[in-house]
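Since the structure comes first, as structure tokens, the remarks are kept for the end.
Lettering of chains follows the sequences in order, A, B, ..., and the numbering in each one begins at 1. If you're wondering where the values come from, they're calculated on a predicted model, not measured in any experiment.
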Amino acid sequence: MPELPEVETVRRGLQPVFEGARIVDVEQRRPNLRYPFPADFAARLRGRTVVSLARRAKYLILHLDADPVLICHLGMSGSFRIHSGESEATPGDFHYARSKDEAHDHAVFHLEDAAQARHRVVFNDPRRFGFMLFSESAALDAHPSLAGLGVEPTGNALDGRLLAGLLSGRRTPIKAALLDQRLIAGLGNIYVCEALWRAGIAPTRQARDIAADAGLCAALADAVRAVIAEAIHAGGSSLRDHIRTDGSLGYFQHSFSVYDREGQPCMRPGCGGTVARIVQAGRSTFYCPSCQA
DNA sequence: AAGTGAACCTGAAGGC
DNA sequence: TGCCTTCAGGTTCACT
């Protein structure tokens, strides 16, 4: 499921285990995920100390005390589990994290923290759309996976004026424009649908038409920032709940207004419409034809 | 340039 | 019970 809020939730869950820890060993259990693991993957990580765990868009970035930088993407079904002694937790709990099919445990990081306690961090990814790559340089903007990524929808950078500039002149449907990682980095199918519903904008409208309306751009930028911020917040609370458990309980509790609600009543007060599903660029779009114009 | 569809891969869910 | 089809949070590439 990982869109930006889920990746950020995973990052926050992993951060206390990774940061400051020494990588004692790495098990690489297959040659590739979506892409081949980097050459000498385990050997080059072994012995390094983790300086920080960052995030850019849907990418996790592990900065070490020496080259390289580890870039990790969860794809559609990637997850991490933490094993610390007796306890176990899954940071960022979603569908596939529940299945503890060890056949899909593709990489294991053995860590030792400052108090010499050992932790294992296990990467599981049934569909193997995830990947791990190295950047030889700390200048990550030069890495092919990260170069060209657009603005983060967190913080205050994304406002109506900036959004208007990004959408200006584009003939593509607004749905596709918001999914374009070169414009805004980190939105996925769920939160694009949700943001368009909040802003009352039909997903089929042309991006350039939205760009021409300053009020709409401001409303859409606000909706994007709000839905991402709320989702991160919800992920955090779910994470806390989850870490108290044995790692096997509960889905990430989403409350979607339109996503996956085809045929159900629109949740906007007084609207009375029915959520519809259409396909755009091969992907499901959920929206309310009554209040999204 | 813009848009679509396919590809990568496994698993869940629903119809019959 | 099983077999079949469809669908899934992402990204990239090939083609109109």
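- Distances were taken from every side-chain heavy atom of Met76(A) (C-beta onward) to each of dT12(C), dA2(B), dA8(C); the shortest belongs to dA8(C).
- Rounded to a whole angstrom, the distance from the P atom of dG5(B) to that of dT6(C) is 15 Å.
- When each of dA8(C), dG10(C), dG3(B) is scored by its nearest atom to the side-chain atoms of Arg283(A), the top-ranked nucleotide is dG10(C).
- Among the protein residues, Gln181(A) comes within range of the sugar-phosphate backbone only, with heavy atoms under 4.0 Å from sugar or phosphate atoms but none that close to a base.
- Between the CZ atom of Arg208(A) and the P atom of dA1(B) there is a distance of 15 Å, rounded to whole Å.
- Gln280(A) places its CD atom 11 Å from the C1' atom of dG3(B), with the value rounded to the nearest Å.
- OP1 or OP2 of dT10(B) sits under 4.0 Å from a side-chain N or O of Arg128(A).
- Within the structure, every side-chain polar atom (N or O) of Ser77(A) is placed at least 4.0 Å from both OP1 and OP2 of dA8(C).
- Between His104(A) and the phosphate of dG11(B), there is a side-chain N or O to OP1/OP2 separation shorter than 4.0 Å.
- When the C1' atom of dC7(C) is taken as reference, atom CZ of Arg261(A) falls 19 Å away, rounded to whole Å.
- In this structure the side chain of Lys58(A) never reaches within 4.5 angstrom of the side chain of Leu74(A), judged on heavy atoms.
- The CG atom of Leu179(A) sits 12 Å away from the P atom of dT4(B) (whole-angstrom rounding).
- Counting non-hydrogen atoms under 4.0 angstrom, Arg34(A) reaches a base of the nucleic acid.
- Atom pair Arg182(A):CZ and dG10(C):P shows a separation of 16 Å (rounding to whole Å applied).
- For Pro126(A), taking side-chain heavy atoms from C-beta onward, the closest of the listed nucleotides dG3(B), dC7(C), dT10(B) is dT10(B).
- What separates CD1 of Ile71(A) from C1' of dG10(C) is a distance of 16 Å, to the nearest Å.
- Under the 4.0 Å criterion applied to side-chain N and carboxylate O atoms, Arg81(A) and Asp105(A) are assigned as salt-bridge partners.
- As a whole-Å value, the separation of Leu33(A) CG from dT10(B) C1' is 13 Å.
- Closest to the Phe129(A) side chain, of the nucleotides dA8(C), dC8(B), dG3(B), is dC8(B).
- Rounded to whole angstrom, the span from the NZ atom of Lys58(A) across to the C1' atom of dT11(C) amounts to 9 Å.
- Between Phe286(A) and Phe256(A), a ring centre-to-centre spacing not shorter than 6.0 Å is recorded.
- The base of dA8(C) lies close enough to the side chain of Arg127(A) for a donor and an acceptor atom to sit less than 3.5 Å apart.
- A salt bridge is absent between Glu102(A) and Arg29(A); no separation between the charged side-chain nitrogens and carboxylate oxygens falls under 4.0 Å.
- Applying the Watson-Crick and G-U wobble criteria (two distances, each under 3.5 Å), dA8(C) pairs with dT10(B).
- In this structure the side chain of Thr285(A) never reaches within 4.5 angstrom of the side chain of Val279(A), judged on heavy atoms.
- Both Asn32(A) and Gln206(A) sit near DNA chain B, but only Gln206(A) has its closest nucleotide nearer the 5' end.
- Under 4.0 Å is where a charged nitrogen must lie from a carboxylate oxygen, and between Arg55(A) and Glu152(A) at least one such pair does.
- When the P atom is compared between dA6(B) and dT5(C), the two are found 16 Å apart, to the nearest whole Å.
- Closest to the Ser284(A) side chain, of the nucleotides dT12(C), dA8(C), dG3(B), is dA8(C).
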